[in-house]
Amino acid sequence: MGKQVNLYSFPSVDTLATALRSYLISCQEAGLERHGVFKVGVSGGSLPKTLAQALLAPAKDESDKVKWESWEIFFADERAVPLDHEDSNYALLKKELLDKLPQGTPQPTVHTIDESVLDDTQELADRYEQTLVRSFASRDSVKLPIFDLLLLGCGPDGHTCSLFPGHELLRETEAWVSPIEDSPKPPPRRITLTLPVVTHAVRVAFVATGGGKKEIMKDIFEEGKGLPCALVNEATGERCSWFVDNAAVEGVSYPKRPFSL
Ligand SMILES: O=C(O)[C@H](O)[C@@H](O)[C@H](O)[C@H](O)COP(=O)(O)O
């Protein structure tokens, strides 16, 4: 690995969420400075809940404000199900976060998948890629979209987004968004950002909590083993930050850093 990734470990999810809040505000401000909006991609799993804990807390002062009207939210991966289905990552984000924004809060822009093509995952991926093209400028003028931030989870097998260990999708170099029909984590039919898009983001943050993650964290941080999370670490280095609780990194020898912006 070149420059080291930032591994921040916290005694509890509460303390993690507080630090994540400061990090998100700093990414928001950097995005606003760069292009007047904040473009962020989010995953499913346990992330939306922790994200909500971070973002629904009241602002400490003016500089700690979430400027929702400037947020453009995308999905790092999404399941090929209707938007109100219990497996939908959008439905999860809505339930955990969007529906809980206090009344009168300006709404973020949320880019969902096109429900009219759920039967065809290639078309579903192509249409989501077109959504990115429209938001990030034309496919011809930009080689890859550059997210201000991607907020990702880490599966117990080392997957992230819907990029699974050993899967041929890890070799995708052209598409921005790809379909997958054989996801080992149910449901099997999904779309996902591809590895080049993930590693091209200005910043990437993983959130991983709980003792169930410690074995895979050892594999990712000590041996790599070509695991998707390790590939992201290797390609992004210091642009990558992990927000974990102590239980998730118990016994992991990789140096932890005190959290600072
Ligand atoms: O749609 C999905 O299934 C997720 O995007 C997936 O990539 C998730 O982030 C990881 O599986 C970690 O999930 P946990 O945070 O629940 O461990």
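Note that ligands are numbered from 1 as they come in the structure, with each ligand's atoms numbered from 1 the same way. What you see is a predicted model, and the numbers here were worked out from it, not measured in a lab.
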query = Who are the residue neighbours of ligand 1 when the rule is a heavy atom under 4.0 Å from any of its atoms?
reply = Ser43, Gly44, Gly45, Ser46, Asp77, Arg79, Asn89, Gly153, Cys154, Gly155, His159, Cys161, Lys185, Arg190, Lys213

Contacts table for residues 215-223: side-chain donor-acceptor under 3.5 angstrom, sequence neighbours left out:
residue	atom	partner	partner atom	Å
Asp219	OD1	Lys225	NZ	3.3
Glu222	OE2	Ser253	N	2.7
Glu222	OE2	Ser253	OG	3.1

For residues 52-62, dump all side-chain donor-acceptor pairs below 3.5 Å to protein atoms at least two apart in sequence or in another chain.
residue	atom	partner	partner atom	Å
Gln53	NE2	Asp14	OD1	2.6
Asp61	OD1	Ser63	N	3.0
Asp61	OD1	Ser63	OG	2.6
Asp61	OD1	Asp64	N	3.2

inquiry  = Distance alone, cut at 3.5 Å: any donor-acceptor contact between the side chains of Gln122 and Asp126?
reply    = yes

key: Residue pairs, two or more places apart or on separate chains, that pass side-chain hydrogen bond (donor to acceptor under 3.5 Å, both in side chains) and touch residues 199-212   = Ser26-Arg203

request  = Assign the ring pair Phe164 / His159 to parallel, tilted or perpendicular, where the plane angle (0 to 90°) is split at 30° and 60°.
outcome  = tilted

request  = Step through the shown structure and confirm whether more than 12 heavy atoms of other residues, nucleotides or ligands are within 6.0 Å of CD on Glu33.
outcome  = no

